[in-house]
Amino acid sequence: MKNTLIALILALACSVGFAADKVPAHPHILVETTEGNFKLELDGKAAPLTVAHFLKLVDSGFYDGTVFHRLMPGFMAQGGGYTPGFKLKETSETIPNESGNGLQNERGTIAMARTGDPHSASTQFFINVVDNTNTNPETANLDPQKHSSRGRWGYAVFGFVFEGMEVVDKIVNVKTFNNGPGGAPAPVVPIVIKKMSRITYQ
């Protein structure tokens with residue numbers, strides 16, 4: 001089953017113009033916010049479609065000036081789809097769901113947000129601030145669920161915070177009000193992603 005899924009992902013990668021062997025294996029990303037900076041390591045081997053899509057957005061400057069618009073302590077911090085004032089900023093391009101790639105929604109991981117359609121991820125992402133895995137009954141189960149009424153599709157993890165998780169914890173615990181998109185708990189004072197960029201090493 002796992003081999004079939006990998007083959008499907010690689011086929012989809014070619015069909016949408018992403019050559020899996022051209023996606024960096026472990027690119028690093030610097031996220032500069034109004035609350036401080038943190039760094040991501042992406043997994044281009046486990047999630048080639050997602051990483052290629054995310055890098056394209058990063059390189060184009062798409063995320064610069066967007067905000068964290070949904071903050072839930074004990075769960076996750078979500079951003080990447082709105083500018084201050086909650087003006088929607090998304091592309092029409094969506095990507096196939098790569099959940100089931102072996103990466104779990106553990107604390108510190110970054111995953112793609114989506115609607116009820118499993119293949120609707122576009123630009124929004126979230127960072128897990130606790131283990132939101134199927135092995136933790138006290139939290140949301142965001143990993144694939146093969147034997148559940150919710151179906152097998154989970155939320156695709158494609159990297160993790162390797163430096164600055166204390167900044168993410170600070171972000172998710174700021175004062176909020178339920179005035180974000182769809183009534184989501186959003187920061188009273190906007191938390192802006194000032195810049196997101198690849199880290200290059202000499």
Side-chain angles (χ1 to χ4, degrees), residues 26-43 46-47 50-51 54 57-58 63-64 66-82 84 86 97-116 118 120-145 150 153-197 199:
H26 300 288
H28 288 178
I29 304 295
L30 173 64
V31 184
E32 303 174 61
T33 85
T34 50
E35 291 293 323
N37 303 340
F38 58 92
K39 296 177 180 179
L40 303 169
E41 179 174 303
L42 310 184
D43 195 330
T50 308
V51 169
F54 192 79
L57 293 170
V58 169
Y63 289 118
D64 302 354
T66 60
V67 298
F68 282 91
H69 64 273
R70 185 177 177 222
L71 302 178
M72 301 181 71
F75 184 24
M76 60 86 212
Q78 184 172 337
Y82 294 87
F86 308 122
N97 191 323
E98 291 183 294
S99 66
N101 58 14
L103 303 179
Q104 295 182 296
N105 280 274
E106 299 172 327
R107 170 174 161 79
T109 56
I110 181 171
M112 293 302 291
R114 59 174 176 81
T115 67
S120 60
S122 176
T123 67
Q124 293 187 39
F125 61 85
F126 62 90
I127 298 173
N128 292 289
V129 297
V130 297
D131 289 342
N132 291 308
T133 65
N134 294 341
T135 59
N136 187 353
E138 297 181 358
T139 62
N141 296 328
L142 302 183
D143 293 337
Q145 301 175 59
R150 292 175 58 186
W153 292 105
Y155 291 77
V157 173
F158 62 100
F160 66 97
V161 176
F162 74 90
E163 184 177 312
M165 189 60 194
E166 70 277 4
V167 174
V168 179
D169 288 332
K170 180 182 177 183
I171 288 171
V172 81
N173 285 293
V174 301
K175 186 176 181 180
T176 61
F177 62 160
N178 294 326
N179 197 34
V188 172
V189 178
I191 299 175
V192 181
I193 296 174
K194 297 188 291 185
K195 187 174 182 59
M196 196 183 292
S197 57
I199 300 173

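Remark: Pro27 pairs with Pro24, Leu42, Val51, Leu55 by the side-chain contact (heavy atoms from CB on, under 4.5 Å) rule, at least two apart or across chains. The side-chain contact (heavy atoms from CB on, under 4.5 Å) test applied to Val130 returns Asn132, Thr139, not counting sequence neighbours. Residues forming a side chain to side chain donor-acceptor pair (under 3.5 Å) with Thr133 (at least two apart in sequence, or on another chain): Thr135. For Thr109, the side-chain contact (heavy atoms from CB on, under 4.5 Å) partners at least two apart in sequence or on another chain are Glu106, Asn128, Val157, Phe160. Shown here are the side-chain contact (heavy atoms from CB on, under 4.5 Å) partners of Asp64, two or more places apart in sequence or in another chain: Lys195, Met196. Take Phe177 and apply the ring-ring contact (aromatic ring centres under 6.0 Å, His included) test, not counting sequence neighbours, and it matches no residue. Remark: Tyr82 engages His69 in a ring-ring contact (aromatic ring centres under 6.0 Å, His included) (not counting sequence neighbours). Residues that satisfy the ring-ring contact (aromatic ring centres under 6.0 Å, His included) test with Tyr63, not counting sequence neighbours, are Phe54, Phe125. A search for side chain to side chain donor-acceptor pair (under 3.5 Å) contacts involving Glu166 returns nothing, not counting sequence neighbours. Take Arg107 and apply the side chain to side chain donor-acceptor pair (under 3.5 Å) test, not counting sequence neighbours, and it matches Asp169. Residues that satisfy the side chain to side chain donor-acceptor pair (under 3.5 Å) test with Lys170, not counting sequence neighbours, are Glu35.
The only option from Val168, Val161, Ile171 that meets the side-chain contact (heavy atoms from CB on, under 4.5 Å) definition with Val129 turns out to be Val168.
To the nearest 0.5 angstrom, Glu41 atom CD is 12.0 Å from Glu163 atom CD. Here the NZ-NE2 distance, from Lys39 to His28, works out to 9.0 Å after rounding to the nearest 0.5 Å. Rounding to the nearest 0.5 angstrom, the gap separating the CE atom in Met76 from the OH atom in Tyr155 is 9.5 Å.
Between Leu103 and Asp143, the closest heavy-atom pair is O-OD1, 4.4 Å. Across all non-hydrogen atoms, the minimal contact from Ala186 to Gly180 is CB-CA, 3.8 Å. Contact detail for Pro118 and Asn97: the closest heavy-atom pair is O-ND2, 2.9 Å. Residues Thr66 and Gly80 approach most closely at OG1-CA, 4.2 Å, considering heavy atoms. Here the closest non-hydrogen pair linking Asn134 and Pro144 is ND2-O, 2.8 Å. Shortest non-hydrogen contact noted between Arg70 and Phe75 is NH2-CE2, 4.3 Å.
Under the 4.5 Å side-chain criterion, counting only non-hydrogen atoms from C-beta, Ile191 is in contact with Leu71. You'll find the side chain of Val167 stays beyond 4.5 Å of the side chain of Asn37, heavy atoms only. Looking only at side-chain heavy atoms (C-beta outward), Val189 and Val174 stay at 4.5 Å or farther from each other.
Listed by first and then second residue, the side-chain hydrogen bond (donor to acceptor under 3.5 Å, both in side chains) pairs involving residues 171-194 amount to none (not counting sequence neighbours).
Note on ring orientation: taking the six-membered ring where Trp is involved, the planes of Phe38 and Phe68 are tilted (angle from 30° to 60°).
The closest donor-acceptor contact from the side chain of Ser120 to the backbone of Arg114 lies at 3.5 Å or more, if one exists at all. Not a single donor-acceptor pair under 3.5 Å links the side chain of Asn105 to the backbone N or O of Asn141. Thr50 contributes no side-chain N or O that, together with a main-chain N or O of Phe158, makes up a donor-acceptor pair within less than 3.5 Å.
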Original post:
How far apart are the C-alpha atoms of Asp43 and His26, what are their side-chain angles, what is the distance that settles it, and do they pass the side-chain contact (heavy atoms from CB on, under 4.5 Å) test?
Top reply: CA-CA 5 Å; Asp43 195 330; His26 300 288; 3.9 Å; yes
